[in-house]
Each structure stands twice: as structure tokens, then as C-alpha cells.
Amino acid sequence: MTSTLNAHWQSQLFAAYALQEVFDKPVEGETPQSRLKQVGMMTVLYMMHQSHEKLTLSNIIKITGLTRNAVAESVDPLVERGILIETIVKNSMGRGTARQFEFCPGIFDRLRLSQEQQKSES
């Protein structure tokens, strides 16, 4: 039961982090719609991360049903914000390249600290 509770708290903390990072720190020229898309994309990416799915454009497209451009419009600002780290890897066929993403490790450190603070307060 404890691990389920921890997963629940971590999901709640991640959602709060996503809202804070995107809505409390708007980028010049960014629309509210763009910020909302970014928060939604962070949620999708977090769920993929938890399921140990590779965060590639192709996988994100497959899961969301969005076009490549729509995914890029939501993911690129997250890279610019420093929330995601982008690397170029070989594609699944091994012939071309693919964009792959991962969350900045500092995010999970912050979540762990927040979770430990929650435990100590209760």
C-alpha cells in the first residue's frame, strides 16, 4: 500500500510542478493555449516515463494521435524551459535519426525532496 501512496503523491507533486513551471514562468510571446498544451504534454510524458516508454517523437505521436508538428509545438518549449533534455539518437530502424527526450534529472530530485518534506510533516 505504501508504494501506491508514494506513486500517488509523486503524481500529485509532478502535476503541481508542471503547473508552477509553465504558468508561473510564462515566456514572452507565449499564449495561454500554448502553456496549457505544455502542461498537458508534460502529463503525457510523465506517464510515459513512469511506464518506461522511450520519449521519442514517434512514440509520443503514437500515444497522443497528434501530428509531428503538433507534438513539436508542445515539446520544443519544454526543451527551451530546461524541463526536457533533447538528444539525437538512431531511429528504431537504425538507419536515420530520431529526437529523444528525457526529463531534466533535477526535476525528480525536487520531487523527492518535496515528498520527503510531506512525510516529515505528517
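Just so we're clear, the structure is a prediction, and the values are computed from it rather than from any experiment.
- Identified under the ring-ring contact (aromatic ring centres under 6.0 Å, His included) test for residues 66-97, with sequence neighbours left out: none.
- Within the structure, side-chain hydrogen bond (donor to acceptor under 3.5 Å, both in side chains) contacts touching residues 70-89 (residues at least two apart or in different chains) are Glu30-Arg81, Gln38-Arg81, Asp76-Arg99, Glu86-Arg99.
- Looking at residues two or more places apart in sequence or on another chain, you find a side chain to side chain contact (heavy atoms under 4.5 Å, CB included) between Ser58 and Thr56, Arg68.
- Residue Gly82 comes nearest to Cys104 through the heavy atom pair O-CB, 3.4 Å, listed as atom of the first residue, atom of the second, then distance.
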Checklist entry - Hey, mind stepping through Phe101 and Val79 against side-chain contact (heavy atoms from CB on, under 4.5 Å) and telling me if it holds? => result CA-CA 9 Å; Phe101 307 93; Val79 173; 3.9 Å; yes

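- Legend: residues meeting side chain to side chain contact (heavy atoms under 4.5 Å, CB included) with Ala70, ordered by chain and number and at least two apart, are Leu66, Thr67.
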Next on the checklist: Using side-chain contact (heavy atoms from CB on, under 4.5 Å), reason through Leu84 and Glu102 one step at a time and then give a plain yes or no.
Outcome noted: CA-CA 6 Å; Leu84 294 177; Glu102 64 181 296; over 6 Å; no

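- Residues forming a side chain to side chain contact (heavy atoms under 4.5 Å, CB included) with Thr31 (at least two apart in sequence, or on another chain): Gln33, Ser34.
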Next on the checklist: Walk me through whether Met41 and Val75 qualify under side-chain contact (heavy atoms from CB on, under 4.5 Å).
Outcome noted: CA-CA 7 Å; Met41 184 57 71; Val75 170; 3.9 Å; yes

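- For the ring pair (Phe, Tyr, Trp, His ring centres under 6.0 Å) test, residues two or more places apart in sequence or in another chain that qualify with Phe103 are Phe14, His49, Phe108.
- Taking hydrophobic clusters as Ile, Leu, Val, Met, Phe, Trp and Tyr residues chained together by side-chain heavy-atom distances below 4.5 Å, Leu78 does not share a cluster with Val89.
- The list of salt bridge (Lys or Arg N to Asp or Glu O under 4.0 Å) pairs with a residue in residues 41-67, not counting sequence neighbours, is empty.
- Considering all non-hydrogen atoms of both residues, Ala72 and Pro77 come closest at O-CD, 4.0 Å.
- In terms of the side chain to side chain donor-acceptor pair (under 3.5 Å) criterion, Thr43 has no residue partners (sequence neighbours excluded).
- For the residue pair Ile60 and Leu55, the shortest heavy atom distance occurs at CD1-C, 4.4 Å.
- Scored by the ring pair (Phe, Tyr, Trp, His ring centres under 6.0 Å) test, Tyr17 finds no partners at all (sequence neighbours excluded).
- Distance check: Met42 CE to Met47 CE gives 13.5 Å after rounding to the nearest 0.5 Å.
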Donor-acceptor pairs under 3.5 angstrom involving side-chain atoms of residues 18-27: please list them, not counting sequence neighbours.
from, atom 1, to, atom 2, distance (Å)
Glu21, OE1, Lys25, NZ, 3.4
Glu21, OE2, Lys25, NZ, 2.8
Glu21, OE2, Arg110, NH1, 3.4

